[in-house]
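Structure first, commentary second.
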Amino acid sequence: MGGRIRRVVVHRRDVVRDRSNRREGRLFTGHLGRSHVVDSVDRRGKQLVVEFSNGGGMVVRLGMSGRITLGDGSKRNPATAHQHLAWMIEPSRPSQSPIRMSFIDPRRFGGVYLFSSIEDCRERLLAGLGPEATSIQGIHLGERLGRTRRAVKAALLDQSVLAGVGNIYADEALHRAGVHPERSGRSISLVEAKRLAAAIRLTLKRAIQVGGSTLRDHVLPDGSPGGFVGEHEVYGRGGEPCLSCGRQLEVIQIASRSSTFCPTCQG
DNA sequence: CTTGCGTCCTGCTCGC
DNA sequence: TGCGAGCAGGACGCAA
């Protein structure tokens with residue numbers, strides 16, 4: 001904290017979203033052009049929230065292929081493919097060396113969203129986000145799932161129900177909890193909701209520990225792959241045997257997303 | 001209100 | 001060996 005953002009370079013304007021969430025990078029340099037002191041860096045669900053000392057800030061969404069890389073700010077480094085933004089962090093203490101940060105996103109599903117005040121951020125960018133998946137309690141999950149008839153898998157992917165779970169970890173958590181992904185949200189009992197909440201917390205905790213799942217794009221800021229893929233029990237294993245019972249894992253579509261599950265363990 | 005589906009985008013895999 | 005089609009997915013907008 002207290003570091004200063006300097007030398008913002010916008011390589012692709014449409015990765016930056018303006019006040020109306022449109023792809024509009026012109027305002028970016030105007031907004032960030034003068035150096036800003038970083039007051040805080042936080043996470044809400046899948047978004048990174050960076051607040052500046054002037055009250056404004058930015059929300060970074062990585063989408064599915066986005067990442068932020070860290071580099072030595074005292075060295076020159078050429079822009080790599082799909083590097084849409086780059087900036088320097090000048091530390092508050094002169095003894096520390098500057099850090100170069102880049103936003104890289106091949107598919108451009110992610111982006112950087114600017115906000116002018118923390119109220120603006122809450123209302124426009126964080127409004128409607130459900131509780132944090134990393135700390136979700138069974139009673140709260142059950143109460144939220146009970147409001148919908150949708151498939152429980154679809155509900156888990158809905159960030160307004162629960163913030164922070166995507167397709168991979170929804171499948172993994174449902175399998176770990178022994179819940180069929182097509183079950184209606186309101187059919188989930190309190191006992192099952194508690195089991196599911198614990199499975200979500202555990203799955204995310206473990207995935208974060210080992211650096212996430214590298215399938216196609218995701219790598220850690222230093223370029224190394226995440227270690228969770230080797231621990232996937234169902235995702236990406238359709239047709240292969242269930243690690244618990246040996247039954248062939250099935251793949252179906254729910255909410256236009258692939259869902260892999262074990263018909264026996266998740267009956 | 002609720003729910004589902006099309007859209008965006010590129011890299012990888014598969015089949016011929 | 002080469003090439004094109006198909007697929008994957010997070011969030012949003014729109015339609016039924």
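When reading the values below, keep in mind they use all heavy atoms of this one structure, side chains included, and skip hydrogens, waters and symmetry mates. Just so it is clear: chains get the letters A, B, ... in the order the sequence lines come, proteins before strands, and each one is counted from 1.
- A:Ser53 is linked by a side chain to side chain contact (heavy atoms under 4.5 Å, CB included) to A:Val37, A:Asp39, counting only residues two or more places apart in sequence or in another chain.
- Counting to the nearest Å, the C1' atom of C:dA11 and the CD atom of A:Gln47 are 10 Å from each other.
- Taking 4.0 angstrom as the limit, A:Gln159 places a side-chain polar atom (N or O) nearer than this to OP1 or OP2 of C:dA11.
- When only modelled atom types and interatomic distance are considered, A:Gln266 and A:His180 share no side-chain donor-acceptor pair under 3.5 Å.
- Phosphate contact (OP1/OP2 of C:dG9, side-chain N/O of A:Tyr169, threshold under 4.0 Å): absent.
- We find that CG of A:Asp158 is positioned 14 Å from P of C:dG13, with the value rounded to whole Å.
- Remark: C1' of C:dG10 and CG of A:Leu157 are 9 Å apart, rounded to the nearest angstrom.
- For the pair A:His82 and B:dG11, the criterion of a side-chain N or O lying under 4.0 Å from OP1 or OP2 is met.
- Annotation for A:Arg147 and A:Glu143: closest pair NH2-OE2, 2.7 Å, computed over non-hydrogen atoms.
- Between A:Phe52 and A:His36, the ring planes lie parallel to each other; the angle is under 30°, not in the 30° to 60° tilted range.
- Atom CG in A:Asp14 sits about 18 Å away from atom P in C:dA11, given to the nearest Å.
- The shortest distance between the side-chain N/O atoms of A:Arg108 and the OP1/OP2 oxygens of B:dT10 is below 4.0 Å.
- Counting to the nearest Å, the C1' atom of B:dC12 and the CE atom of A:Met64 are 11 Å from each other.
- Remark: A:Asn167 engages A:Lys153, A:Leu157, A:Tyr235, A:Arg257, A:Ser258 in a side chain to side chain contact (heavy atoms under 4.5 Å, CB included) (not counting sequence neighbours).
- Side-chain contact, A:Thr264 with A:Arg247: a donor N or O sits under 3.5 Å from an acceptor N or O.
- Remark on the helix from B:dT2-C:dA16 to B:dC16-C:dG2: inter-end axis angle 50°, axes from five-pair C1' superpositions, rounded to 10°.
- Looking at A:Arg44 and A:Gln47, their side chains never bring a donor and an acceptor atom within 3.5 Å of each other.
- Note: CZ (A:Arg150) to P (B:dT2) measures 10 Å, nearest angstrom.
- Ionic pairing of A:Asp105 and A:Arg12 is not present here: no N-O contact between side-chain nitrogen and carboxylate oxygen is shorter than 4.0 angstrom.
- Residues A:Thr203 and A:Arg176 bring a donor and an acceptor atom of their side chains to less than 3.5 Å of each other.
- Less than 4.0 Å separates DNA chain B from at least one heavy atom of each of the following residues of residues 140-149 of chain A: A:Thr148, A:Arg149.
- Rounded to whole angstrom, the span from the CZ atom of A:Arg61 across to the P atom of C:dC12 amounts to 5 Å.
- Counting only heavy atoms from C-beta outward, the side chains of A:Val179 and A:Phe261 never approach each other to under 4.5 Å.
- OP1 and OP2 of B:dC9 both lie 4.0 Å or more from every side-chain N or O belonging to A:Arg12.
- A:Arg43 is linked by a side chain to side chain contact (heavy atoms under 4.5 Å, CB included) to A:Glu132, A:Thr134, counting only residues two or more places apart in sequence or in another chain.
- Spacing between atom CG of A:Leu62 and atom C1' of C:dA11 amounts to 13 Å, rounded to whole angstrom units.
- No side-chain N or O of A:Ser40 forms a donor-acceptor pair with one of A:Asp42 less than 3.5 Å apart.
- At a non-hydrogen distance threshold of 4.0 Å, A:Arg257, A:Ser258 from residues 249-258 of chain A come into contact with DNA chain C.
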